[in-house]
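Below, read A as the first sequence line, B as the second, and so on, with proteins coming before strands; counting in each chain starts at 1.
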2 protein chains.
Amino acid sequence: MNNKDYLKLDNQLCFAVYTCSKEIIRLYRPFLDKLGITYTHYITLLVLWETDPIPFKKLCNHLYLDSGTMTPVLKSMEKKGLLTRSRMENDERQISISLTQLGRELKEQAATIPLQMLCRTQLSPEEANTLRDTLHRLLKQLPQA
Amino acid sequence: MNNKDYLKLDNQLCFAVYTCSKEIIRLYRPFLDKLGITYTHYITLLVLWETDPIPFKKLCNHLYLDSGTMTPVLKSMEKKGLLTRSRMENDERQISISLTQLGRELKEQAATIPLQMLCRTQLSPEEANTLRDTLHRLLKQLPQA
DNA sequence: TGCAATTAAATTGTAAACGATTTAAAGTTA
DNA sequence: TAACTTTAAATCGTTTACAATTTAATTGCA
């Protein structure tokens with residue numbers, strides 16, 4: 001690559017990732033609107049559908065989001081009746097997040113979303129898996145600090 | 001893939017893209033802090049360093065950002081003295097964006113960022129290019145609506 | 001035990017990000 | 001030419017996102 005091309009927008013890996021992220025999340029909207037939730041709510045529920053209850057900090061780590069982001073998100077989800085937040089008995093600093101019945105029931109309605117979204121990416125399941133694995137590998141090898 | 005695995009967080013392509021995007025942008029911070037700009041300012045400058053002046057709408061299209069996002073971004077960059085915004089003579093609805101001398105000069109200071117960032121991804125140039133091209137292809141084939 | 005250090009979540013301030021609406025200019029047509 | 005439509009950017013409201021700080025609980029240790 002020519003030296004002067006390094007600053008071209010279309011050569012930036014980050015911009016490609018960043019734009020794909022936003023555009024894919026935009027495609028979730030019609031599906032998530034039906035459930036009355038946002039993408040952030042959705043990924044929060046994905047974690048909780050796997051692990052319920054879960055400590056606040058663990059949830060944040062899974063989602064790569066910090067307390068400044070998650071505290072208001074979880075409060076709004078609590079307000080919607082999707083989950084409850086409670087202090088842990090053995091350590092009053094920690095918060096435990098649990099799904100409500102409503103939060104658990106949403107899982108059924110969400111069950112068809114992943115395949116419909118895969119369809120919208122126009123990728124074969126194999127291509128999607130390969131790309132996802134590449135990104136996971138990249139994520140792992142990024143410097144933490 | 002087992003049917004019940006579709007809703008697992010780690011199987012979601014979107015979440016992998018979304019998380020990579022945020023983590024890579026976080027790695028830009030030390031570099032951009034030195035220039036006193038944000039990542040959004042940076043990609044705006046990347047476009048302007050290639051095309052100057054440029055119509056507002058064209059800039060938005062390049063960046064996949066809408067007027068609601070870009071109007072305040074460009075106003076803040078104007079305030080910093082990086083660019084100027086002016087109505088077009090032949091069509092008073094349109095805004096033309098031009099770099100200032102300061103905005104042009106930043107390009108030199110930014111010249112080393114892309115290679116330093118590539119280094120931080122721990123990817124070979126070939127791997128990075130392949131991944132970027134895959135994402136561009138995906139972006140192109142996503143439904144517009 | 002008592003106090004410093006650490007840890008966890010909340011809070012604060014700033015900057016995106018985007019859908020929906022508004023305002024104003026330009027184009028279209030009856 | 002006047003009314004309607006379209007287009008462009010700005011504005012508004014809501015939700016993320018994160019760095020930095022604060023508050024409160026716990027842990028370590030002198």
query = Can you tell which of A:Arg132, A:Arg137, A:His136 makes a side-chain contact (heavy atoms from CB on, under 4.5 Å) with A:Thr134?
reply =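 Going through the options one by one, the only one that passes is A:Arg137.
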Side chain [X], main chain [Y], donor-acceptor under 3.5 Å:
| X | Y | answer |
| --- | --- | --- |
| B:Lys80 | B:Gly36 | yes |
| A:Glu50 | B:Leu9 | yes |
| B:Thr100 | B:Leu82 | yes |

Considering residues at least two apart in sequence or located in another chain, which fulfil the side-chain hydrogen bond (donor to acceptor under 3.5 Å, both in side chains) criterion with [X]?
| X | result |
| --- | --- |
| B:Thr69 | B:Asp66 |
| B:Asp91 | B:Arg93 |
| B:Glu89 | none |

inquiry  = Going by the rule ring pair (Phe, Tyr, Trp, His ring centres under 6.0 Å), which residues pair with B:Tyr28 if we only count those two or more places apart in sequence or in a different chain?
reply    =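 Checked B:Tyr28 against ring pair (Phe, Tyr, Trp, His ring centres under 6.0 Å); matches are B:Tyr39, B:Tyr42.
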Whole angstrom value for the distance that separates [atom2] of [N] from [atom1] of [X]:
| X | N | atom1 | atom2 | value |
| --- | --- | --- | --- | --- |
| B:Gln94 | D:dT6 | CD | P | 18 Å |
| B:Lys57 | D:dT6 | NZ | P | 15 Å |
| A:Asn90 | C:dT7 | CG | P | 17 Å |
| B:Arg87 | C:dA25 | CZ | P | 8 Å |
| A:Phe56 | D:dA25 | CZ | C1' | 16 Å |
| A:Tyr42 | D:dT16 | OH | P | 15 Å |
| A:Glu89 | D:dT26 | CD | C1' | 16 Å |
| A:Ile37 | D:dT16 | CD1 | C1' | 15 Å |

ask   = Who are the side chain to side chain contact (heavy atoms under 4.5 Å, CB included) partners of A:Thr121, not counting sequence neighbours?
value =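 Checked A:Thr121 against side chain to side chain contact (heavy atoms under 4.5 Å, CB included); matches are A:Leu118, A:Leu123, B:Leu138, B:Leu142.
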message = Applying side chain to side chain contact (heavy atoms under 4.5 Å, CB included), can you list everything that pairs with B:Arg29, at least two apart in sequence or on another chain?
response =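 Partners of B:Arg29 by the side chain to side chain contact (heavy atoms under 4.5 Å, CB included) criterion, ordered by chain and then number, come out as B:Asp33.
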query = Within the pair B:His41 and C:dA15, is there a side-chain N or O less than 4.0 Å away from OP1 or OP2?
reply =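 For C:dA15, neither OP1 nor OP2 has a side-chain N or O of B:His41 closer than 4.0 Å.
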message = Within the 4.0 Å heavy-atom criterion, would you say B:Arg85 contacts the bases, only the backbone, or no part of the nucleic acid?
response =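 Here B:Arg85 touches the backbone only, sparing every base.
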Pairs of donor and acceptor atoms involving the side chains of residues 11-20 of chain A, under 3.5 Å and at least two apart or interchain, shall be tabulated with distances.
unit_1	atom_1	unit_2	atom_2	d
A:Asn11	ND2	A:Asp5	O	2.9
A:Gln12	NE2	A:Tyr6	O	2.6
A:Gln12	NE2	A:Lys8	O	2.8
A:Thr19	OG1	A:Phe15	O	2.7

inquiry  = I'd like to know if B:Arg26 pairs up with B:Glu23 as an ion pair, taking the criterion as any Lys NZ or Arg NE/NH1/NH2 lying under 4.0 Å from an Asp or Glu carboxylate oxygen.
reply    =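 Counted as a salt bridge, because a side-chain N and a carboxylate O are separated by less than 4.0 Å.
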message = Would you say that A:Thr44 contacts A:Leu65 through its side chain, given a criterion of any heavy-atom pair below 4.5 Å between the two side chains?
response =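 A:Thr44 vs A:Leu65: side chains apart.
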Identify each donor-acceptor pair in which a side-chain atom of residues 51-62 of chain A lies under 3.5 Å from a protein atom, sequence neighbours left out, and give them as a table.
unit_1	atom_1	unit_2	atom_2	d
A:Asp52	OD1	A:Leu99	N	3.0
A:Asn61	ND2	A:Lys57	O	3.4

Enumerate the protein-to-nucleotides 17-21 of chain C contacts in which both atoms are nitrogen or oxygen and the separation is below 3.5 Å.
unit_1	atom_1	unit_2	atom_2	d
C:dA17	OP1	A:Tyr18	OH	3.4
C:dA17	OP2	A:Tyr18	OH	2.7
C:dA17	OP2	B:Thr40	OG1	3.2

message = Strictly under 4.0 angstrom, non-hydrogen atoms only: write out the protein contact profile of nucleotides 1-6 of chain C, one letter per nucleotide from the 5' end, B, S or -.
response = ------
inquiry  = Angle between the two end axes of the helix from C:dT1-D:dA30 to C:dA30-D:dT1, five base pairs per end, rounded to 10 degrees?
reply    =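 Angle reported: 0°, given to the nearest ten degrees.
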message = Tell me which residues in residues 70-82 of chain B lie within less than 4.0 Å of DNA chain D, going by non-hydrogen atoms.
response =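 Close to the strand are B:Thr71, B:Lys75.
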key: DNA chain C: 5'-proximal contact among B:Thr38 and A:Asp91 (nearest heavy atom)   =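 Its nearest nucleotide being more 5', the pick is A:Asp91.
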inquiry  = Please pick, from C:dA26, D:dA10, C:dA9, the nucleotide with the shortest atom-to-atom distance to any side-chain atom of B:Glu92.
reply    =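 When the side chain of B:Glu92 is considered, C:dA26 is the closest of C:dA26, D:dA10, C:dA9.
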